[in-house]
2 protein chains.
Amino acid sequence: MDRFEQMRVFASVVEAGGFTRAMPRAGMSRAAVSKHVLQLEERLGVRLLNRTTRQVGMTEAGRIFYEQCRRILDEVASAEQGAAQISGEPHGELRVVAPTNFALTYLGDAITEFLLAYHDLKIDLSLNDRAVDPIDGGYDLAIRVINSALPDSASLAATRLTTSSRILCASPAYLLEHGTPRQPQELSKHQCLSYSYVDDPRSWRLKGKGQEKGKEHVVSVSGRIITSAGQVLSTAAAAGLGIAYGPTVFFQDAIARGKVVQVLPDYDLPQVSIYAIYPVSRHRSPKVTAFTGFMQKFFAGKL
Amino acid sequence: MDRFEQMRVFASVVEAGGFTRAMPRAGMSRAAVSKHVLQLEERLGVRLLNRTTRQVGMTEAGRIFYEQCRRILDEVASAEQGAAQISGEPHGELRVVAPTNFALTYLGDAITEFLLAYHDLKIDLSLNDRAVDPIDGGYDLAIRVINSALPDSASLAATRLTTSSRILCASPAYLLEHGTPRQPQELSKHQCLSYSYVDDPRSWRLKGKGQEKGKEHVVSVSGRIITSAGQVLSTAAAAGLGIAYGPTVFFQDAIARGKVVQVLPDYDLPQVSIYAIYPVSRHRSPKVTAFTGFMQKFFAGKL
DNA sequence: ATAAATTGTCTCCAATTGGTGGACAATTAC
DNA sequence: GTAATTGTCCACCAATTGGAGACAATTTAT
């Protein structure tokens, strides 16, 4: 009997293009999705969706109703945010999904400070390394590490929280035994420890700085480790297993202790950007704005 | 948890100017009204209403949110009706409130035929002789007998279903004994049986037709019966208790059988109009349109 | 063509929701 | 000062909702 829920679920089905595909977006089982649409159709007395077993299409009434639905749902969100904004303090629960590494490395401190700054906010943090769609997953906000370009989307907005640099490291002992590379090309003769979250973990791109400024080198490398676990890279490098390529943060500690040293410091590795991705409908959501703003300030100080 | 319901209840409170006064419009108990508004405020994180124990005012957030509420609720109704309209056949339940006499006299046949014509419609008919506000009462439509002018309202629309005439009647025996009045003034010397639903049951207004065309007479009358029960008037008149003034329909049968005869047939009594009153938001509601249209046709044939 | 998988819907069951009625503190009207 | 009325809170009860699984229908893949 919940009219709002019926409209939301119906819109989900239309946008997802099917009942099953609408499950995550609607946040309920197929049966419930079906039930909602059925109830809505019964109440209106019109068939809104033409279901052939493999494809869902809209009827004429469905098309008309969907347009209005979409607009009304947006207006409700906007109205609620408008009213909520007046309260000053953001509040409620913020559902965030972030990559495991990023979360374990930074979000512990970041979220702690964030929660101390905003007493009326709760956080539900999910870890997921896939490129989760915040709409489908029902999240307010997804954190993504973007290697190259940000994919365009009409329904998603993004804010860059920070950038992350990567470096090459190896243990002094390893370099003593196998020699310290001076040119990118020499890397191909080394044991190379790769980080999974790179465009191509077997093909490293280095860009010269200093005298060789701007020149880009692409080196095919080989090695016995490809991992998404940053600490494993760091440990392996410290143990002398080879030259590791990974996010700077994972090596800072080992470098400070002298366990590893940076290799080829005259070359830059591609920077990656950390983005907060959220549904455009939450563009001005106080919760999301507070989070992204806080994180930008937080990382501006740290990195 | 239904956002629309929360919005509707909140709007009801604003429009009614209080939680208790919003009860009929919201269609629930004070406790429930309060709960809805509380939940809405909690979800938005803003206080929408300033309640002093005797008066309810809106906060700044409440004012802003109310405007959006009103608009959104209208759009929802419009969207649902728009979709429903495509289905062709009106359907669902139509909640009607009508005056007792009118309902007992006409609505039996009328509703029966109406339901036969529209198989997907159900009717919930309430009888109430007060001038019920269809919005407050939660009705789709109220039938009212209007003596004089239709009161203006921004939130209510009206359609005239038919007009009802009234006549004066008495039994031949009574007239034989007390004389048959030829002039309106003579009525004041008779036993006059009045109908309650007249502007002033003790002051009859007659308008001449024929040679005395257009001239209006106001006669103060007295008698031993004032009743809202039409059949009582008819019976009393037939029994020779006096001259009855009431809706034509109640006397037609008695006239046909010769029990009573019309008095002062050369004078018109004020006509009353039967209106269907409904919330403007349902102006284009298929259910309401079907009902009013059907009733107009129905009465066009009968009266 | 046959088999397998996926689609939306249905049925049953458990859990949560939502409403009512009554009591309560606070406030205003008389 | 007294009494009535306001909005809120607290249990209790019923109705509804959502989930799991089974089902028929249909499409894809072999």
Side-chain angles (χ1 to χ4, degrees), chain A residues 1-59 61-62 65-66 92-93 95 136-138, chain B residues 1-59 61-62 65-66 92-93 95 122 124 136-138:
Chain A
M1 244 283 216
D2 185 336
R3 303 209 295 244
F4 181 84
E5 200 66 357
Q6 288 177 353
M7 285 176 63
R8 193 181 66 81
V9 171
F10 166 67
S12 298
V13 172
V14 171
E15 284 154 16
F19 286 67
T20 304
R21 305 188 73 89
M23 281 174 58
R25 188 174 305 222
M28 53 180 77
S29 67
R30 273 160 300 172
V33 172
S34 177
K35 227 184 254 181
H36 273 107
V37 176
L38 262 314
Q39 280 183 12
L40 178 61
E41 289 180 328
E42 187 188 1
R43 189 161 55 78
L44 298 181
V46 204
R47 193 156 194 77
L48 297 171
L49 297 173
N50 280 323
R51 331 35 163 168
T52 74
T53 320
R54 210 58 169 196
Q55 200 158 0
V56 173
M58 283 187 272
T59 63
F65 189 67
Y66 171 73
E93 187 182 66
R95 282 158 303 174
D136 282 351
Chain B
M1 253 271 224
D2 183 348
R3 308 245 251 280
F4 289 152
E5 193 68 0
Q6 289 177 351
M7 289 171 65
R8 190 181 67 82
V9 172
F10 165 68
S12 298
V13 173
V14 170
E15 285 155 14
F19 285 67
T20 304
R21 305 190 71 89
M23 281 174 59
R25 186 173 307 221
M28 54 180 78
S29 66
R30 272 159 302 173
V33 172
S34 177
K35 223 186 255 182
H36 273 108
V37 175
L38 263 314
Q39 280 182 14
L40 179 60
E41 288 180 328
E42 188 187 3
R43 190 158 55 75
L44 298 182
V46 204
R47 194 155 194 76
L48 297 172
L49 297 172
N50 279 324
R51 328 36 163 167
T52 75
T53 319
R54 210 58 168 198
Q55 198 157 2
V56 172
M58 284 187 273
T59 64
F65 190 68
Y66 171 72
E93 187 182 68
R95 282 160 304 175
K122 291 191 287 189
D124 175 353
D136 282 351

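Atom set for the values below is all heavy atoms of this structure, side chains included, hydrogens, waters and symmetry mates excluded. Throughout, protein chains are lettered first and strands after them, A, B, ... in sequence-line order, and every chain is numbered starting at 1. In this text, all values refer to a predicted model and were calculated from it rather than measured experimentally.
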At what distance, to the nearest 0.5 angstrom, does CE of A/Met28 lie from OG of A/Ser12? 8.0 Å
side-chain N/O B/Ser29 vs C/dG21 OP1/OP2, d < 4.0 Å: no
Between atom CG of A/Leu40 and atom CZ of A/Arg8, what is the distance when rounded to the nearest 0.5 Å? 13.0 Å
A/Leu38, nearest nucleotide to its side chain (from C/dT9, D/dC9, D/dG19): C/dT9
Whether the side chain of B/Lys35 and the base of D/dG7 hold a donor-acceptor pair under 3.5 Å is what I'd like checked. no
Check whether any side-chain nitrogen or oxygen of A/Arg30 sits under 4.0 Å from OP1 or OP2 of C/dT9, and answer yes or no. no
Which is true for B/Val33 with a 4.0 Å heavy-atom rule: it touches a base, it touches only sugar-phosphate, or it touches nothing? nothing
For D/dG18 and A/His36 - does any side-chain N or O of the residue sit under 4.0 Å from the phosphate oxygens OP1/OP2? yes
Could you tell me the separation between the CD atom of B/Glu5 and the C1' atom of C/dT17, rounded to a whole number of Å? 13 Å
If you only use heavy atoms from C-beta on, which nucleotide in C/dT20, D/dG7, D/dG19 is closest to the side chain of A/Ala32? D/dG19
How is A/Ala31 classified with respect to the nucleic acid when contacts are heavy atoms under 4.0 Å: base, sugar-phosphate, or nothing? base
Sugar-phosphate only, base, or nothing, as touched by A/Thr20 at under 4.0 Å among non-hydrogen atoms: sugar-phosphate
Looking at every strand, decide which applies to A/Gln39 at a 4.0 Å heavy-atom threshold: base, sugar-phosphate, or nothing. sugar-phosphate
Exactly one candidate in A/Glu42, A/Met58, A/Glu41 meets side-chain contact (heavy atoms from CB on, under 4.5 Å) with A/Arg47; the answer is A/Glu41
Exercise: identify the closest heavy-atom pair between B/Ala61 and B/Val46: CB-CG1, 3.4 Å
